[in-house]
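To keep things clear, I will list the structure first and then write my remarks on it.
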Amino acid sequence: MINITLPDGSIRELPEGATPMDLAENISKSLAKVAMIAKVNGDDWDLMRPLPGDSSVALVTRKDEEALEVIRHDTAHILAQAVQELFPGTQVTIGPSIEDGFYYDFARDEPFSTDDFAAIEKRMAEIVDADLPFEREEMDRDAAIAMFEKMGESYKAELIRDLPEGETITIYRQGEWFDLCRGPHLPSTGKIGKAFKLMKVAGAYWRGDHRNAMLQRIYGTAWADDKQLKAHLFRLEEAEKRDHRRLGRQMELFHFQEEAQGQVFWHPAGWRLYRTVTSYMRRRLEANGYQEIRTPQLMDRKFWEASGHWDKYRENMFISSIDQEEKILAVKPMNCPCHVQVFNQGQKSYRDLPLRLAEFGSCHRYEPSGSLHGLMRVRGFVQDDAHIFCTVEQIVEEVKAFCELLKSVYADFGFEEPRVKFADRPEQRVGSDEVWDKAEAALRTAAEASGLDFEYNPGDGAFYGPKLDFVVKDAIGREWQTGTIQCDFNLPERLDAHYIGDDNDKHRPVMLHRAILGSLERFLGVLLENYSGKLPFWLAPRQVVIATITSDADPYAEQVLAAMKAAGLNAETDLRNEKINYKVREHSVGKIPVIAVIGRKEAEEGTLALRFLGEEGNKQEVLPLAEAIARLCDDARAPDLKRG
RNA sequence: GCCGGCUUAGCUCAGCUGGUAGAGCACCUGAUUUGUAAUCAGGGGGUCGGGGGUUCGAGUCCCUCAGCCGGCACCA
């Protein structure tokens, strides 16, 4: 007999060779029905796999979050089986579970098409109906390699070869079909259920390396039940509606065209939003000891050679030449080297440090065509960039002040806390280990002191120093880096920046590269998606539409417009010969935060009926004109100004 | 950059196996003067992404280029 300890501490006795399934049945029939896998001494364990002896066992049921991973992984397996049955000659590679679903990468000459999905899904459903047991089998390494080679599954053979010696090789059988797999799996395919759906096909490099062959990846989503699946599909639809590219068109904010790939044409409303954001940032920076500068767009190639960019970043740089001159100029991809030039003018004393130079720096980078994405990844953009020149001793204080400023700015824009990643020294780096020790410690101390909840991103630092990256998610769950702060000991050296210390000697300053919003373009994209286009009043580029009910009210509407404009509000009139229902709908759809309705009554009484976006039904406030404008002006003040 | 898909009116999209283009919304005109999410009627508008080819005939088939979309890779 073996003793099994349950999560509640109780102990059950089971015969030798008993499985977690036996345990579940021993506890209750209903538990046996919903059990998916087990955790044995903390390890994943198939329900039908004999227990190793005395152990502590927890059963994972269909309701548990962890069950989803197993369902998704199993669904990937039946996808692979279905595909191999329907498309003979297709090689299988890997197929893990991922967020919301799974994928499987196949090697096949003919591309898969979404038109194939119906047939594949049908076959998958048949495999579920067949309720094939998943059977675990351990194999000898060489035998496994030989077997997969013989089957023509060279990718699988390669996978086994690369497994560490001594690792147990297991395969899982489901009927005739089997796959190399670590497990765990459900007892049988019937347990998977049918709450899955194939979503898309995509290319993906074998082992994520662009030098390798391109495989065909089929993505799918899978859930515990139909209700969850439907909810997920609904979420996707909703997410699509808040895509900033769609909102940009609907709200007439910006457009792109192929003659200026990756560069934005900002329309009046969009540019007003842009300016609201930059004005806000300017105030915040000035209040926090930054000085704004402006540096050139084009600099001589020699300059970029000195900075190291020509060597390290050349393929991302736009260059320019002119007929009459030999010189080659490069459009700046970053502002940092230019900022060093400003620092280098005249002599700097330790008393000048920290020196914080800020620029709304226009940069251009030749990004790979496949990576361009609306406002999120562009070739021409503006950074809210700044470089802090300071001493090593000042790093902690400066980073801390930066993190606090960043948090406050994000809060003003209504963001949830961004994900923060702390990236330390990469393989390829410059500078001594002592300096790295110091820089990393300083950055970490400062991040902790600022109360940031960050995760480690080992080895992903810049070649010149460690960094903190701030990452937000877009409507479809893709993550984008916005803010960053990076310690740099390298560029000051290369471009010979120095200051005179209190010892009357020359010293190298440290440079902190930092941005809060990152790329203005990207930030605005994220902002739009975050609010589904329903921007808070202070940011809204179109704040008020004055909508008349009858043309008798037109003169009063003009008067209201003039008063609002004089008060600095972004207001416009809608005097069209349309019903008020029509106007309200159109401007609500257009995400105008406030509709000021004017009928005969308001015109006579000198009032305004204010209707606020998002508030259902007849909820409105009727206020005397002056009061209404005062109220709106109060709402229109940026958060930093409200704080006074 | 790589793989796949897509590109038809200002926008969203129809157009079966080839027979010289349609809808809704928007726009314009007229009627309606209207009280909180679409008033009615009429009208104009398209080199079907560019180029090449097959064919008696191409929006539809083939080639090619570009852009966009989805992934992958990239993001110093």
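All values derive from a computational prediction rather than experimental measurement. Here is how names work: the chains are called A, B, and so on, in the same order as the sequence lines, proteins then strands, and each is numbered from 1.
- Shown here are the side-chain contact (heavy atoms from CB on, under 4.5 Å) partners of A:Glu558, two or more places apart in sequence or in another chain: A:Leu561, A:Leu575.
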Listed pairs, N/O of protein and of nucleotides 66-69 of chain B, under 3.5 Å:
from: B:rA66; atom 1: O2'; to: A:Glu258; atom 2: OE1; distance (Å): 2.8
from: B:rG67; atom 1: OP1; to: A:Gln261; atom 2: OE1; distance (Å): 2.7
from: B:rC68; atom 1: OP2; to: A:Gln261; atom 2: NE2; distance (Å): 3.0
from: B:rC69; atom 1: OP1; to: A:Arg245; atom 2: NH1; distance (Å): 3.0

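- Considering only residues two or more places apart in sequence or on other chains, A:His210 meets the ring pair (Phe, Tyr, Trp, His ring centres under 6.0 Å) condition with none of them.
- By the side-chain contact (heavy atoms from CB on, under 4.5 Å) test, A:Lys241 is found to be paired with A:Glu238, A:Arg246, residues two or more places apart in sequence or in another chain being considered.
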Name each donor-acceptor pair under 3.5 Å that joins a side chain in residues 366-381 of chain A to protein atoms two or more places apart or in another chain, with its distance.
from: A:Glu367; atom 1: OE1; to: A:Arg377; atom 2: NE; distance (Å): 3.4
from: A:Glu367; atom 1: OE1; to: A:Arg377; atom 2: NH2; distance (Å): 2.8
from: A:Ser371; atom 1: OG; to: A:Pro368; atom 2: O; distance (Å): 2.7
from: A:His373; atom 1: NE2; to: A:Arg478; atom 2: NH2; distance (Å): 3.4
from: A:Arg379; atom 1: NE; to: A:Glu367; atom 2: O; distance (Å): 3.0
from: A:Arg379; atom 1: NH1; to: A:Gln261; atom 2: OE1; distance (Å): 3.3
from: A:Arg379; atom 1: NH2; to: A:Glu367; atom 2: O; distance (Å): 2.8

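- The base of B:rC75 sits within donor-acceptor range of the side chain of A:Arg377, with an N or O pair under 3.5 Å.
- The side chain to side chain donor-acceptor pair (under 3.5 Å) pairs that include a residue from residues 595-604 of chain A are A:Asp552-A:Arg600, where partners are two or more places apart or lie in different chains.
- Salt-bridge check for A:Glu305 with A:Arg301: passed, with a basic side-chain N closer than 4.0 Å to an acidic carboxylate O.
- Stem list for RNA chain B (at least 3 consecutive Watson-Crick or G-U pairs, distances under 3.5 Å): B:1-7 with B:66-72, B:10-13 with B:22-25, B:27-31 with B:39-43, B:49-53 with B:61-65.
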Atom pairs under 3.5 Å, N or O on each side, protein against nucleotides 40-47 of chain B: can you list them with distances?
none

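- Partners of A:Ala202 by side-chain contact (heavy atoms from CB on, under 4.5 Å), not counting sequence neighbours, listed by chain and number: A:Tyr219.
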So which protein nitrogen or oxygen atoms get under 3.5 Å of nucleotides 10-13 of chain B's nitrogens or oxygens?
from: B:rU12; atom 1: OP1; to: A:Arg249; atom 2: NE; distance (Å): 3.4
from: B:rU12; atom 1: OP1; to: A:Arg249; atom 2: NH2; distance (Å): 3.2

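- Legend: residues meeting ring pair (Phe, Tyr, Trp, His ring centres under 6.0 Å) with A:Phe537, ordered by chain and number and at least two apart, are absent.
- For A:Asn316, the side-chain contact (heavy atoms from CB on, under 4.5 Å) test picks out A:Tyr313, with sequence neighbours left out.
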